[in-house]
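Only a predicted model underlies this, so the values are computations on that prediction, with no experimental measurement involved. Below, read A as the first sequence line, B as the second, and so on, with proteins coming before strands; counting in each chain starts at 1.
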Protein chains: 2
Amino acid sequence: MKDLVSRCPIEEVMQVLSGRWPTLLIYYLKDGTKRFADLRRDNPTVSHRMLTLELRKLETAGIVQRTAFEGYPLRVEYDLTPAGLALVPLIDAISDWWEQNEPARARASGVAEVPAPQVAS
Amino acid sequence: MKDLVSRCPIEEVMQVLSGRWPTLLIYYLKDGTKRFADLRRDNPTVSHRMLTLELRKLETAGIVQRTAFEGYPLRVEYDLTPAGLALVPLIDAISDWWEQNEPARARASGVAEVPAPQVAS
DNA sequence: GCGTGGTGACAAAAAAGTGCGTAATTTACA
DNA sequence: TGTAAATTACGCACTTTTTTGTCACCACGC
């Protein structure tokens, strides 16, 4: 993560969406407003440090809206922004693609044949 | 990357597509058959070790087709599989989404206001 | 002795987990 | 009634784990 800016947009998006959590968090937030503790309950394997870091990243990327309320006990709400909502069907599409291509994966992880053993010209 | 299998498909795809190289490699391969050295020339910053590792990953994921020819000098060709080709427009869509949401990002990285300072009930 | 497409060992760097502290209020319990 | 403890959403320092880079080496042919 040297520089946030790169030549092509794909590199930039992937800096945000790469990793286990970003897409998962987007999925959980798809259901509506969530609080920090809610998201931890949704996915118990994420550490609180990671969760804050990832949420901040999604926030600065304009995907997640963070709303902090004054007073104790603390209360912070997370929502998808309109941009974040627009991203959901795109992630869905990739998810569907993955499921549809399961047979292709099965084939690919199978035999590794040498298809055209060529003779030197 | 503990186990390759997880509950939901998104987690699985992201294990393959996460990182700088997977999507970039798919983009370069979109133009047609490429050899190992071609891909290194396309992106000089990837180390040869990373390139082999990433290509293997994409291969076992059924995205890339590897074709090795007998004889010296060695010759190995890489292509997108039909599944890989089907993935291209989906990545494109996310790339477009990213570009369209640049203004939203600009806003998000701006001020962080406290919207509703609530009084205790 | 360079190019080709790798593999493996080791080192550096990056990412992620762990545990502690913080604030004010609520609740738990003796 | 008093006090200890839990809750909430983190920040910070430290350690562990994972990822990535570097270098050397292989195979052969020109």
Side-chain angles (χ1 to χ4, degrees), chain A residues 1-4 11 14-22 24-25 28-29 33-60 64-79 112 114-115 117-121, chain B residues 1-4 11 14-22 24-25 29 33-60 64-79 112 114-121:
Chain A
M1 214 189 266
K2 283 287 168 60
D3 37 50
L4 229 74
E11 261 191 275
M14 289 317 288
Q15 281 183 15
V16 176
L17 298 184
S18 278
R20 288 180 67 183
W21 310 121
L24 270 188
L25 291 180
Y28 286 127
L29 286 171
T33 303
K34 296 262 178 156
R35 297 180 57 178
F36 191 85
D38 292 331
L39 291 167
R40 291 216 65 187
R41 270 185 288 272
D42 284 338
N43 204 318
T45 60
V46 68
S47 66
H48 69 284
R49 185 172 166 277
M50 265 302 103
L51 187 51
T52 53
L53 289 176
E54 297 291 335
L55 285 171
R56 295 262 183 273
K57 193 170 72 174
L58 292 175
E59 194 193 351
T60 59
V64 161
Q65 166 76 38
R66 192 185 110 104
T67 311
F69 297 91
E70 303 268 350
Y72 289 85
L74 293 170
R75 184 157 146 249
V76 180
E77 290 185 352
Y78 294 95
D79 295 272
V114 181
Q118 297 213 326
V119 192
S121 59
Chain B
M1 212 191 267
K2 282 288 167 59
D3 38 53
L4 231 75
E11 261 192 275
M14 289 318 288
Q15 281 183 15
V16 175
L17 298 185
S18 280
R20 288 180 67 183
W21 309 122
L24 272 187
L25 292 179
L29 287 170
T33 303
K34 297 261 178 158
R35 297 179 56 178
F36 189 85
D38 294 330
L39 291 168
R40 291 216 63 189
R41 271 184 288 273
D42 284 337
N43 205 318
T45 59
V46 67
S47 66
H48 65 285
R49 186 171 166 278
M50 262 303 102
L51 186 51
T52 53
L53 290 177
E54 296 291 333
L55 284 170
R56 294 263 182 271
K57 194 171 70 172
L58 291 175
E59 194 194 350
T60 58
V64 161
Q65 167 75 38
R66 193 184 110 104
T67 313
F69 296 91
E70 302 268 351
Y72 289 87
L74 292 170
R75 183 159 146 249
V76 180
E77 290 184 351
Y78 292 96
D79 296 271
V114 180
Q118 298 212 327
V119 192
S121 57

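Taking every heavy atom of both residues into account, B/Met50 and B/Trp21 meet most closely at CG-NE1, 4.2 Å.
Residues passing the side-chain hydrogen bond (donor to acceptor under 3.5 Å, both in side chains) test with A/Arg40: none are found, sequence neighbours excluded. Applying the side chain to side chain contact (heavy atoms under 4.5 Å, CB included) test to A/Val76 and every residue at least two apart in sequence or in another chain returns A/Arg66, A/Ala68, A/Tyr78. For A/Thr52, the side-chain hydrogen bond (donor to acceptor under 3.5 Å, both in side chains) criterion is met by no residue, not counting sequence neighbours. Taking B/Arg35 as the reference, nothing meets the salt bridge (charged side-chain N to carboxylate O under 4.0 Å, His left out) condition, with sequence neighbours excluded.
Distance NZ (A/Lys34) to C1' (D/dA9): 17 Å, rounded to an integer number of Å. As a whole-Å value, the separation of B/Leu53 CG from D/dT19 P is 11 Å. Atoms CZ (A/Phe69) and C1' (D/dC10) sit 17 Å apart, rounded to a whole Å. Taking atom CD on B/Gln15 and atom P on C/dA16, their separation rounds to 13 Å, with Å as the unit. For the pair A/Arg56 CZ and D/dA9 P, the computed distance is 12 Å after rounding to whole Å. Straight-line distance from the CG atom of B/Leu39 to the P atom of C/dG3: 18 Å, rounded to whole Å. What separates CD of A/Glu54 from P of C/dA14 is a distance of 17 Å, to the nearest Å. In this entry the distance linking CZ of B/Arg66 with P of C/dT7 reads 7 Å, nearest Å.
Using a 4.0 Å cut-off, no side-chain N or O of A/Tyr78 falls inside it from OP1 or OP2 of D/dT8. Distances shown here put every side-chain N or O of A/Arg75 at or beyond 4.0 Å from the OP1 or OP2 atom of D/dC10.
Counting heavy atoms from C-beta outward, B/Phe36 and B/Leu55 have side chains that approach closer than 4.5 Å. A 4.5 Å side-chain heavy-atom check between A/Val46 and A/Glu54 finds every atom pair outside the cut-off.
Just one residue in the list B/Leu25, B/Leu51, B/Leu24 forms a side chain to side chain contact (heavy atoms under 4.5 Å, CB included) with B/Asn43, and that residue is B/Leu24.
Within 4.0 Å (heavy atoms only), A/Arg40 reaches no atom of the nucleic acid at all. When heavy atoms are screened at a 4.0 angstrom cut-off, A/Arg20 is found touching no nucleic acid atom at all.
Using a distance-only test at 3.5 Å, with no hydrogens or angles considered, no donor-acceptor pair links the side chain of A/Ser18 to the main chain of B/Ser18.
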N/O contacts under 3.5 Å, protein versus nucleotides 18-28 of chain C?
| residue | atom | partner | partner atom | Å |
| --- | --- | --- | --- | --- |
| C/dG19 | O6 | A/His48 | NE2 | 3.1 |

- Task: Could you summarise the pairing of DNA chain C as dot-bracket text, marking Watson-Crick and G-U pairs under 3.5 Å with ( ) or [ ] inside the strand and | across strands?
- Result: |||.||||||||||||||||||.|||||||
